[in-house]
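First the structure, in the form of C-alpha cells, and then the observations on it.
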Amino acid sequence: MAKEKKFVEAVTPMSEDFAQWYTDVVKKAELIEYSNVRGCMILRPNGYAIWENIQKNLDAMFKETGVENVYMPMFIPESLLQKEKDHVEGFAPEVAWVTHGGMNKLEERLCVRPTSETLFCDFYSRIIESHRDLPKLYNQWCSVVRWEKTTRPFLRSAEFLWQEGHTAHATEEEAEERTIQMLNIYADFCEKYLAIPVIKGQKTDKEKFAGAKSTYTIEALMHDGKALQSGTSHNFGDGFARAFNIQYSDKENKLQYVHQTSWGMSTRIIGALIMVHGDDSGLVLPPRIAPVQVMIVPIAQRKPGVLEKAAELKSTLIEAGYKVKVDDSDKSPGWKFNEQEIRGIPLRVEIGPKDIEAGQAIIVRRDTREKLVVSLDELADKIGETLEKMQNDMLERAKAHLASHIYEAKTYDEFKDTVENKPGFIKMMWCGDQACELKIKEDTTATSRCIPFEQEQITDVCPVCGKPAKKMVFWGKAY
RNA sequence: CGAGGUGUGGCUCAGUUUGGUAGAGCGCCGUGUUCGGGACGCGGAGGCCGCAAGUUCGAAUCUUGUCACCUCGACCA
C-alpha cells in the first residue's frame with residue numbers, strides 16, 4: 001500500500017536536473033561531506049570504501065606487470081618544478097605554494113604536488129646509471145592538489161586521490177609499449193570491475209599532457225551524454241630525461257637518455273561510476289566493486305527468530321565469500337529498502353516470519369528491482385549467480401548506452417546540429433589542424449575527446465575546413 | 001576567473017518588501033506500540049539567522065565587504 005506522505009526528500013530525478021541529481025546522490029549515499037576548505041571533500045566510509053576496492057584491484061593488476069609502489073614527498077621545490085618548460089607552464093596556474101615553515105619564510109617556496117613527474121625524474125636521475133638499472137616501473141598512491149577554479153565532488157576537487165605510475169625505459173619502443181599496456185589495463189579494469197565501457201585513443205596535441213610526447217586516454221560516456229576522461233597514459237619520449245639529465249650507459253658504454261611514461265587514474269572514476277550506473281533511486285554499484293554486496297533486511301525483526309535467522313544467513317553468505325551486512329536498525333522495512341537502494345548496494349535479501357516458515361528468502365536486484373524467491377539452502381548459490389549476472393547486465397547496458405550515443409557527422413552543419421540536439425560522442429574526420437579543433441570548441445563547446453585506435457574513413461575531407469582528412473576523431477562535451 | 005542565483009536548528013524552507021530580538025515540517029534523543037516500499041502516540045533537546053564591519057535605542061531584515069555552495073561559461077584529471 002502506497003503512502004501519500006513522503007517525509008524524506010527524494011533524489012532529484014535525472015531528467016529534471018542531472019547536475020542536481022549527481023549532487024544529491026553523492027550526498028545522500030553518504031559518499032562525501034564538504035569540508036572547510038574550498039574544493040576539498042571528506043570521503044566518508046561509503047565513498048572511501050569504493051576507492052579502497054578500486055585501489056586494491058587496480059594495484060594488483062599493476063603488480064602483475066612488474067610495477068612496484070613507492071612514496072614520494074608531497075612538496076616540490078620551485079626550481080625542480082621549473083625544469084621542464086611545457087610541464088611548468090601547464091601546471092603553474094593551479095599549484096598551491098608553501099611559503100613558510102613555522103614562522104620563518106622559506107628560502108625557496110615549495111609547491112604542493114599537482115603531479116610528481118619532476119620528483120620522479122629527479123629521483124631517476126640519481127638512481128639510474130646503467131642499462132642494467134632499467135626499466136624502472138614505479139607507482140605511487142597519493143593525493144595531489146590542483147587549485148581549480150570550480151570544483152565538483154569526485155569530478156574535480158582541489159585535492160584528490162589517485163595513483164601515478166612513472167616508468168623509465170632504455171628504448172622508445174619499450175616506453176611506447178608500456179604506455180599502451182597501462183592504457184589497456186585501465187580499460188580492462190573499467191570493463192571488468194566497474195562495468196564501464198570506454199573508448200581508447202590518443203589525445204590531440206591540444207589536449208595532451210603538459211610535457212608529454214603523446215597522451216592516450218580512455219573516455220567514458222556518462223548517462224547525460226557527456227564524456228569523462230577516465231584515465232590517461234603518457235609517453236614522454238626523452239623530453240623529461242633531457243631536462244632532468246636522466247642518462248644510462250648502454251651495452252656499448254655510450255650515454256643514452258631514458259624514455260619515460262606516466263599514467264594515472266583518480267577518484268574521478270567514482271564520478272564515472274555514479275554517472276554511468278546511477279538511477280533516480282540513487283547509486284547502483286557493480287557487484288565487483290561494491291563495498292557491501294548484500295544487505296539483509298529482516299522483516300518484523302522483533303518477532304522471535306527473525307534476527308537470529310538474518311544473522312545466520314549473514315554468516316553463511318560471508319563464509320561463501322560475499323560482503324554482507326544486516327540492517328537491524330529499528331527503521332521500518334520501507335526505510336531500509338530505500339537506504340539500500342540509494343547506497344547502490346547490489347542485492348537485498350528480505351527475510352521475515354513468513355519466509356522462515358516457508359524456508360525461503362527474497363533476493364532483490366538493485367539495478368532491475370527484479371525479485372527472486374529462493375529456498376534458504378540455495379541462497380548462497382543464487383546470490384553468487386545473481387551478483388555475476390548483475391555485473392554482466394550492467395556492463396551490457398552501459399555498452400548499449402554508449403553504442404546508441406555515438407553519432408557520425410559528414411558535414412560541419414550536421415556536426416553542430418548533433419552537438420546541439422544529441423548528447424554523446426560524435427565521430428567526425430579531422431585534418432589535424434589545431435585551428436579546426438579550436439573553431440569547433442568555439443562554435444559548439446565540444447572538444448576532441450580522442451583519436452580512437454579503431455579508425456574509420458567517414459569523409460575524405462575535414463568538414464570544418466575542407467582540407468584532406470587525416471584522422472577520425474571522437475568529439476563531445478566533456479566534464 | 002566572468003555572468004546569474006542561494007546562504008535562517010542536522011535537512012527542506014517560511015519570516016526580509018514595511019527593523020522590535022526566530023517559526024514549521026522532517027530528522028535527532030527518550031519511551032511504548034509497530035514492521036513485506038521512507039509507520040504512529042506521548043515527552044524532550046537543538047538556531048544569537050554563513051562570517052565581519054557599519055547605520056540604528058534596537059538588525060535575520062537596511063548598507064558595505066567577505067566566504068561557501070549551485071547553474072552557465074573560460075581553465076583543467
Side-chain angles (χ1 to χ4, degrees), chain A residues 1-12 17-20 22-24 27-28 33-41 90-95 114-115 143-164 186 203 206-210 215 217-220 227-234 262-272 281-282 297-303 306-307 327-342 348-355 360-362 364 369 371 373 441-442 445 447 477-479:
Chain A
M1 221 204 316
K3 293 263 184 296
E4 309 90 57
K5 281 201 282 185
K6 218 173 190 186
F7 295 124
V8 181
E9 292 296 318
V11 173
T12 306
D17 184 343
F18 192 80
Q20 192 58 50
Y22 178 80
T23 311
D24 284 354
K27 287 299 300 285
K28 287 178 178 160
E33 179 61 53
Y34 290 107
S35 77
N36 297 314
V37 181
R38 191 197 72 90
C40 296
M41 59 186 180
F91 283 101
E94 53 184 30
V95 294
T115 178
S143 77
V144 290
V145 170
R146 298 181 189 178
W147 219 256
E148 298 286 355
K149 302 280 168 45
T150 45
T151 60
R152 296 188 71 189
F154 297 114
L155 299 175
R156 183 168 299 110
S157 48
E159 181 188 10
F160 58 90
L161 297 173
W162 77 346
Q163 56 71 218
E164 47 177 325
Y186 288 145
K203 283 290 186 188
K206 179 181 171 300
E207 301 284 330
K208 79 179 183 192
F209 181 83
T215 289
T217 177
I218 51 169
E219 298 283 326
L228 187 75
Q229 179 176 313
S230 303
T232 47
S233 187
H234 317 287
S262 90
W263 23 276
M265 181 175 270
S266 73
T267 36
R268 180 179 235 200
I269 198 71
I270 295 175
S281 301
V297 178
I299 309 292
Q301 65 185 35
R302 290 218 238 163
K303 296 258 166 68
V306 176
L307 278 178
D327 188 347
D328 58 1
S329 66
D330 61 2
K331 300 284 191 190
S332 69
W335 179 279
K336 295 176 185 180
F337 297 166
N338 281 285
E339 276 301 294
Q340 171 256 329
E341 284 171 7
I342 206 162
R348 174 172 81 229
V349 170
E350 301 176 14
I351 180 84
K354 291 179 214 160
D355 298 309
Q360 64 179 39
I362 296 170
V364 187
R369 284 162 205 259
K371 292 195 176 190
V373 181
K441 189 173 180 185
E442 176 112 345
T445 78
T447 52
K477 293 191 184 180
Y479 276 96

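Just so we're on the same page: letters track the sequence lines, and every chain starts at 1.
- Smallest separation of non-hydrogen atoms from Pro298(A) and Leu307(A): CG-CD2, 3.8 Å.
- For the pair Arg152(A) and U71(B), the criterion of a side-chain N or O lying under 4.0 Å from OP1 or OP2 is met.
- Nearest-nucleotide assignment on RNA chain B puts the 5′-proximal partner with Val364(A), out of Val364(A) and Ala478(A).
- The nucleotide whose nearest atom lies closest to any side-chain atom of Gln301(A) is, among C28(B), C35(B), U71(B), C35(B).
- Going from the C1' atom of C69(B) to that of U17(B) covers 26 Å, rounded to whole Å.
- Atoms CG (Leu155(A)) and C1' (C70(B)) sit 14 Å apart, rounded to a whole Å.
- Residue contacts shown for Phe160(A) include a base, since a base heavy atom lies under 4.0 Å away.
- Picking from G38(B), A77(B), C35(B) the nucleotide with the shortest atom distance to the side chain of Glu148(A) gives A77(B).
- Separation of the C1' atoms belonging to U55(B) and G46(B) is 32 Å when rounded to the nearest angstrom.
- Comparing the P positions of U63(B) and C42(B) gives a spacing of 44 Å, expressed to the nearest Å.
- Among Arg146(A), Arg268(A), Met41(A), the one residue that satisfies the side chain to side chain contact (heavy atoms under 4.5 Å, CB included) test with Phe160(A) is Arg146(A).
- Summarising the geometry, the separation between CZ on Arg146(A) and P on A77(B) is reported as 6 Å, rounded to the nearest angstrom.
- At the heavy-atom level, Ile269(A) lies nowhere under 4.0 Å from the strands shown.
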Letter by letter from the 5' end, nucleotides 2-7 of chain B scores (B base, S sugar-phosphate only, - none; protein heavy atoms under 4.0 Å) ------
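- Remark: G25(B) base-pairs with C11(B); criterion is Watson-Crick or G-U wobble with both hydrogen-bond distances under 3.5 Å.
- Applying the 4.0 Å criterion to OP1 and OP2 of C76(B), one finds that Lys206(A) has every side-chain N and O outside that range.
- Taking the side chain of Lys331(A) as heavy atoms from C-beta on, and the options C28(B), C76(B), C75(B), the nearest nucleotide is C28(B).
- Comparing C67(B) with U33(B), their C1' atoms sit 48 Å apart, to the nearest whole Å.
- Rounded to whole Å, atom P of G36(B) lies 7 Å from atom CZ of Phe337(A).
- Of the C1' atoms belonging to G5(B) and G9(B), the separation is 24 Å, rounded to the nearest Å.
- Taking 3.5 Å as the limit, the base of G36(B) and the side chain of Arg348(A) contain no donor-acceptor pair of atoms between them.
- Atom C1' of A60(B) sits at a distance of 8 Å from the matching atom of G15(B), rounded to the whole Å.
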Could you go over nucleotides 30-34 of chain B and give all protein N or O partners under 3.5 Å, atom names and distances?
residue	atom	partner	partner atom	Å
U34(B)	O4	Arg302(A)	NE	3.1
U34(B)	O4	Arg302(A)	NH2	2.8

